[in-house]
Amino acid sequence: MLRIPFELAETLAVAVDEGTLDAAARRLHVTPSAVSQRIKTLEEHLGRLLLVRSKPVRATKDGAAVIRLARQLALLEHDALAELGAGADDETVLTSVPLAVNADSLATWFLPPLARLAVRHPVVFDLHRDDQDFTAGLLESGTVMGAVTSRAAPVAGCRSSVLGAMRYEAVATPGYVERWLGGDRARALGHAPLVDFDRRDDLQNEWLTRQGIDPARPPRHYVPASSDFATAVRLGLGWAMLPRFQSQDALQRGELVLLGGPASDVVLHWQQWNLRSPLLDAIAEEIVAEGRRVLAPIG
């Protein structure tokens with residue numbers, strides 16, 4: 001029966017994590033040629049191309065399946081060693097847990113539960129930031145073990161729990177409103193500059209559409225970092241939809257004002273591998289509890 005050697009699968013996963021064979025070699029304390037030979041051996045053993053040797057290297061579809069297995073085996077090994085008490089006194093042995101999260105959650109509520117987990121468990125977190133509509137793809141590829149996502153239906157091999165809604169409201173500075181939005185508000189919004197996170201950010205477009213305004217008309221700034229995005233709005237570069245987490249203090253101080261119109265609720269879910277792992281279950285429990293505490297309830 002065909003088997004996948006764990007050491008070789010682990011080497012493939014490390015190579016993709018690090019981006020180059022040289023970096024993987026440093027992490028594994030072997031030579032780059034040894035890393036290359038291990039991956040070549042695994043490819044010959046399975047009869048499939050697993051790694052595209054680009055810069056950075058990336059896994060093929062078959063390689064992603066092997067990497068997912070390697071991560072799952074590493075997690076199960078950690079749990080077994082913890083149950084046996086092996087290495088319990090060695091505080092330098094930390095398990096890396098890759099997770100995916102959207103930028104606004106990362107900037108507002110996601111880090112405190114991770115900090116609490118790091119106190120109780122020997123872990124480090126490898127965070128992958130992406131739009132909530134795309135983080136589920138990182139689960140499918142095996143890149144991460146868990147993800148904050150807008151996708152409710154479980155990814156194959158995963159389970160899903162609702163977290164709550166991230167509520168966004170249209171805001172701007174009083175100075176911006178005075179300069180750009182005086183008189184006929186609807187007409188003014190057609191040429192007033194706005195701020196987008198990136199070219200996949202549809203929140204501002206959706207709000208404009210609900211106001212009966214063609215979203216292709218306004219000029220826009222692109223600021224692809226959540227905290228800097230909020231700063232750009234507070235500095236008056238443009239208006240935008242901000243999570244209440246990021247705008248509430250500025251609204252209370254009068255530094256920002258609401259532009260009106262309906263709020264946009266982005267419902268978030270926590271998805272993770274469907275493995276019975278004490279570590280992964282502890283991570284889920286902490287993150288789901290925090291999400292349900294701070295996010296808006298559904299329905």
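When reading the values below, keep in mind they use all heavy atoms of this one structure, side chains included, and skip hydrogens, waters and symmetry mates. Just so we're clear, the structure is a prediction, and the values are computed from it rather than from any experiment.
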Report whether L163 and V267 are members of the same hydrophobic cluster (ILVMFWY, side-chain heavy atoms less than 4.5 Å apart, transitive linking). no
Which atom names give the shortest non-hydrogen contact between E290 and P112, and what distance separates them? OE2-CB, 4.4 Å
If you look at every heavy atom in I4 and A9, which pair is closest and at what distance? CG2-CB, 4.0 Å
Apply side-chain contact (heavy atoms from CB on, under 4.5 Å) to the pair L139 and W273, showing each step before the final yes or no. CA-CA 8 Å; L139 270 174; W273 291 346; 3.9 Å; yes
Check for a donor-acceptor pair, side chain of T60 on one end and backbone N or O of L49 on the other, with a separation under 3.5 Å. yes
Mark yes or no for whether Q271, through its side chain, and R151, through its backbone, hold a donor-acceptor pair below 3.5 Å. yes
Can a salt bridge be assigned to the pair R38 and E44 using a cut-off of 4.0 Å between side-chain N and carboxylate O? no
Just so I know, are the side chains of H45 and L8 near enough to count as touching, which here means a heavy-atom distance under 4.5 Å? no
Considering all heavy atoms, the nearest G142-R68 contact: CA-CB, 3.8 Å
ILVMFWY cluster, V123 and L114 together (side-chain gap under 4.5 Å): yes
Roughly how far, to the nearest 0.5 Å, is CD1 of I39 from CG of L51? 5.0 Å
To the nearest 0.5 Å, how far apart are CG in L268 and CD1 in I287? 12.0 Å
Can you check side-chain contact (heavy atoms from CB on, under 4.5 Å) on D79 and R276, steps first, answer last? CA-CA 10 Å; D79 290 337; R276 287 303 166 189; over 6 Å; no
Should the pair R48-E43 be classified as a salt bridge under the 4.0 Å nitrogen-to-oxygen rule? no
Q204 side chain vs M241 backbone, donor-acceptor pair below 3.5 Å: yes
A side-chain contact here means heavy atoms from C-beta on lying under 4.5 Å apart; do W239 and V171 qualify? no
Using atom types as modelled and distance alone, determine if a side-chain donor or acceptor of T209 lies under 3.5 Å from a backbone N or O of N205. yes
Distance-only side-chain donor-acceptor flag, E169 / S264, under 3.5 Å: no
Measure the CZ-CG distance between F6 and L69 for me, rounded to the nearest 0.5 Å. 8.5 Å
Gap separating the CE atom of M166 from the CG atom of L242, nearest 0.5 angstrom: 11.0 Å
Between L99 and F110, does a side-chain contact (heavy atoms from CB on, under 4.5 Å) hold up when you go through it step by step? CA-CA 11 Å; L99 305 174; F110 193 72; 4.3 Å; yes
Under 6.0 Å from the CZ atom of R3, do we count more than 12 heavy atoms belonging to anything else shown? no
Testing the basics here: between A225 and R129, what is the closest heavy-atom pair and its distance to 0.1 Å? CA-NH1, 4.5 Å
Over 12 non-hydrogen atoms of neighbours within 6.0 angstrom of CZ in R220: yes
Does any part of the side chain of L259, heavy atoms only, come nearer than 4.5 Å to the side chain of V177, both counted from C-beta? yes
Looking at R210, I'd like to know if its CZ atom is crowded, meaning that more than 12 non-hydrogen atoms belonging to other residues, nucleotides or ligands lie closer than 6.0 Å. yes
Mind checking the CE-CZ spacing from M145 to F125? Nearest 0.5 Å is all I need. 10.5 Å
Any donor and acceptor pair, going by atom type alone, linking the side chain of S160 with main-chain N or O of A152 inside 3.5 Å? yes
Between Y168 and D104, a side-chain donor and acceptor under 3.5 Å: yes
With a 4.5 Å heavy-atom cut-off, do T11 and V30 have their side chains touching? no
Might you work through the salt bridge (charged side-chain N to carboxylate O under 4.0 Å, His left out) test for D281 and R159, ending with a clear yes or no? CA-CA 11 Å; D281 288 346; R159 61 182 188 266; 2.5 Å; yes
Would a 4.5 Å heavy-atom cut-off, applied to side chains only, mark T143 and H128 as touching? yes
With a 4.5 Å limit on heavy-atom distance, are the side chains of V294 and F245 in contact? yes
Salt bridge present between R234 and D249 (N-O < 4.0 angstrom): no
Do F229 and D198 come within less than 4.5 Å of each other through their side chains, counting heavy atoms only? no
With side chains defined as the heavy atoms from C-beta onward, is the minimum distance between V223 and F197 less than 4.5 Å? no
For R26 and E18, run salt bridge (charged side-chain N to carboxylate O under 4.0 Å, His left out): C-alpha distance rounded to whole Å, both residues' side-chain angles, the deciding distance at 0.1 Å, then the answer. CA-CA 10 Å; R26 288 192 294 270; E18 297 298 326; over 6 Å; no
Salt bridge check: are R71 and D126 linked by an N-O gap of less than 4.0 Å? no
Look at the side-chain heavy atoms of Ile, Leu, Val, Met, Phe, Trp and Tyr, link any pair under 4.5 Å apart, and say whether L235 and W180 land in one connected group. no
Within a radius of less than 6.0 Å around CZ of R187, do more than 12 heavy atoms belonging to other residues, nucleotides or ligands occur? no
Can you get from V257 to L181 by hopping between Ile, Leu, Val, Met, Phe, Trp and Tyr side chains that sit under 4.5 Å apart? yes
Which heavy atom of T149 sits nearest a heavy atom of Q132, and at what distance? OG1-O, 3.3 Å
From CZ (R116) to CG (L111), nearest 0.5 Å: 11.0 Å
Heavy atoms of other groups near Q37 CD, more than 12 under 6.0 Å: yes
Say whether V14 and L46 are linked into one hydrophobic cluster, either directly or through other cluster members, by side-chain heavy-atom distances under 4.5 angstrom. yes
How far apart are the C-alpha atoms of D196 and H221, what are their side-chain angles, what is the distance that settles it, and do they pass the side-chain contact (heavy atoms from CB on, under 4.5 Å) test? CA-CA 6 Å; D196 273 345; H221 304 278; over 6 Å; no
For the student: nearest non-hydrogen atoms of T20 and A23, plus distance: OG1-N, 3.0 Å
For salt bridge (charged side-chain N to carboxylate O under 4.0 Å, His left out), just list the numbers for E140 and K61, CA-CA rounded to whole Å, side-chain angles, deciding distance to a tenth of an Å, and then say yes or no. CA-CA 10 Å; E140 291 174 318; K61 182 178 180 180; over 6 Å; no
So does D131 pair up with R200, basic N to acidic O under 4.0 Å? no
Is a donor on one side and an acceptor on the other found under 3.5 Å between the side chain of D201 and the backbone of L203? yes
Taking S150 as the fixed residue, which of T135, N102, D133 is the one that meets the side-chain hydrogen bond (donor to acceptor under 3.5 Å, both in side chains) rule? D133
How about CZ on R199, more than 12 heavy atoms from neighbouring residues, nucleotides or ligands closer than 6.0 Å, or not? no
